[in-house]
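On a predicted model such as this, the values are computed, not experimentally measured, just so you know.
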Amino acid sequence: MDASDRAAAICRAIRRAILEQALSPGDKLPEDTLGERFGVSRTIARHALGQLASEGLVELRRNRIALVATPSFDEARDEFDIRRELERLVVRALAGNLTAEQVAELRAHVAEEAAARGGPDANSIRLATEFHVKLAEMAAKPTLLRYVREIAYRSSLSLATFGRPHSPECAINEHGAVIDALEAGDPERAADRMAHHLDQVAERAFLRAAPARGDLMEILGPYAEAERGRSHARTA
């Protein structure tokens, strides 16, 4: 892989670690540790951190100190307001335009969410976020996809900071209701159901202390290995 591919691999790994709450708001991301874990130079690690900072997932401070971003409560609510309007655009574009295969893919994803009930909260958050990104991918609007993906990951930070443990049953039912409206070809009903769903996600959150985390090298180990496997699969 060239330098840009290596930086992209680090970005993917850290995004997923944030999404799965292996990394929490405020966790430090030293360039030398990232470089060692991913087998890259500090320059490449720095480039990856800069990209993540542009997405709002990382905060860069003086003396090249990088941390996982910590959203305020007001920022979190603003993000959900923005996300609601972006995703209303997504489902309006999709209503009545999904293929049977795409509907089946969405319903299979919701079934996967249901199967994950009772497991770690991080799995539920990851699957729920992937559902929204999948919808944006199906809309085939690159600019909209970029914004939805970035704010969905940023929202996961807010959930890590403010979200309380709760049953994923409500979210699963709400996802199903969005699919029903999309399949029926009703853009306004789909938009209303998406807005209601995201409002409910925001309402189901409140301030709580983040649990203690382990060593960064250990946390990022599985994500670094996944990226190495991805690289080997591409070159095989």
Side-chain angles (χ1 to χ4, degrees), residues 12 15-16 18-20 54-57 71 73-117 121-160 162-164 166-206:
R12 284 193 300 269
R15 287 190 200 103
R16 183 163 181 132
I18 288 172
L19 184 60
E20 295 183 352
S54 73
E55 298 173 10
L57 296 179
F73 186 78
D74 287 341
E75 287 173 335
R77 291 308 300 247
D78 286 345
E79 287 160 7
F80 270 98
D81 288 343
I82 295 167
R83 184 177 174 185
R84 180 179 62 238
E85 297 310 312
L86 287 174
E87 297 207 40
R88 282 167 65 92
L89 292 174
V90 169
V91 294
R92 281 197 181 102
L94 290 176
N97 294 315
L98 289 174
T99 66
E101 291 76 14
Q102 287 174 319
V103 172
E105 183 180 350
L106 291 171
R107 294 202 183 279
H109 189 90
V110 171
E112 188 178 355
E113 292 182 70
R117 282 179 301 190
D121 286 344
N123 285 345
S124 294
I125 292 174
R126 174 178 60 80
L127 288 168
T129 303
E130 288 174 353
F131 174 81
H132 290 268
V133 173
K134 190 180 294 289
L135 286 174
E137 290 171 344
M138 290 179 177
K141 294 179 180 292
T143 302
L144 186 57
L145 170 60
R146 185 184 70 188
Y147 289 139
V148 169
R149 180 184 283 132
E150 288 185 8
I151 203 163
Y153 277 103
R154 174 76 182 183
S155 295
S156 73
L157 280 176
S158 299
L159 291 174
F162 303 109
R164 63 180 177 178
H166 66 275
S167 169
E169 183 71 39
C170 294
I172 294 169
N173 291 339
E174 289 157 13
H175 285 176
V178 170
I179 298 172
D180 291 341
L182 292 174
E183 191 173 20
D186 189 334
E188 291 311 311
R189 182 155 62 105
D192 288 346
R193 288 187 173 182
M194 178 60 78
H196 172 75
H197 165 53
L198 291 175
D199 283 342
Q200 290 301 304
V201 172
E203 289 300 321
R204 289 192 289 261
F206 75 106

Requested in this report: Could you please spell out the steps behind the side chain to side chain contact (heavy atoms under 4.5 Å, CB included) verdict for Val103 and Leu182?
Outcome: CA-CA 9 Å; Val103 172; Leu182 292 174; over 6 Å; no

(request) Let me see the working for Glu188 and Arg92 under side chain to side chain contact (heavy atoms under 4.5 Å, CB included), right down to the final yes or no. (result) CA-CA 7 Å; Glu188 291 311 311; Arg92 281 197 181 102; 3.1 Å; yes

>> One pair to check against salt bridge (Lys or Arg N to Asp or Glu O under 4.0 Å): Glu87 and Arg83. What are the steps and the verdict?
In response: CA-CA 6 Å; Glu87 297 207 40; Arg83 184 177 174 185; 2.7 Å; yes

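The two residues Ala152 and Val133 come nearest to each other via the heavy atoms CB-CG2, 4.3 Å. The shortest non-hydrogen separation linking Leu145 to Ala136 is CD1-CB, 3.7 Å. When all heavy atoms of Leu135 and Met194 are compared, the closest pair comes out as CD1-CE, 3.6 Å. Looking at every heavy atom in both residues, Ser158 comes nearest to Pro71 through OG-CG, 3.7 Å. Nearest heavy atom pair, residue Ala177 against residue Arg193, reads O-NH1, 2.9 Å. Shortest non-hydrogen contact noted between Ala184 and Arg189 is CB-NH2, 3.3 Å.
Side chains of Ile18 and Ser156 form a contact here, defined as non-hydrogen atoms less than 4.5 Å apart. Two residues are said to be in side-chain contact when any heavy atoms from C-beta on lie closer than 4.5 Å; His132 and Leu198 meet this criterion. Inter-residue side-chain proximity for Met138 and Leu106 is flagged as met; some heavy-atom pair is nearer than 4.5 Å.
For Arg117 (side chain) and Ala114 (main-chain N/O), a donor-acceptor pair under 3.5 Å exists by modelled atom type. Using modelled atom types, one side-chain atom of His109 and one backbone atom of Leu127 make a donor-acceptor pair closer than 3.5 Å.
Residues Lys134 and Glu137 are not paired through a salt bridge, judged by the lack of any N-O separation under 4.0 Å between the basic side chain and the carboxylate.
Each of Arg149, Arg15, Arg154 was compared with Glu55 under the side chain to side chain donor-acceptor pair (under 3.5 Å) criterion, and only Arg15 meets it. Across Glu20, Glu112, Glu113, a single residue satisfies salt bridge (charged side-chain N to carboxylate O under 4.0 Å, His left out) together with Arg126, and that is Glu20.
Remark: Arg84 engages Asp81, Asp199 in a side chain to side chain donor-acceptor pair (under 3.5 Å) (not counting sequence neighbours).
In this structure, CD on Glu130 lies 6.5 Å from CG on Leu19, to the nearest 0.5 angstrom. We find the CG-CG distance between Asn173 and Asp180 to be 10.5 Å, quoted to the nearest 0.5 Å. Separation of atoms CD1 (Ile172) and NE2 (His197) is listed at 10.5 Å; rounding is to 0.5 Å. Rounded to the nearest 0.5 Å, atoms NZ (Lys141) and CG (Leu94) are 9.0 Å apart. Here the straight-line distance linking atom CD1 of Ile151 with atom CG of Leu86 works out to 6.0 Å at 0.5 Å rounding.
Residue pairs meeting the ring pair (Phe, Tyr, Trp, His ring centres under 6.0 Å) criterion with at least one member in residues 133-153, sequence neighbours excluded, do not occur.
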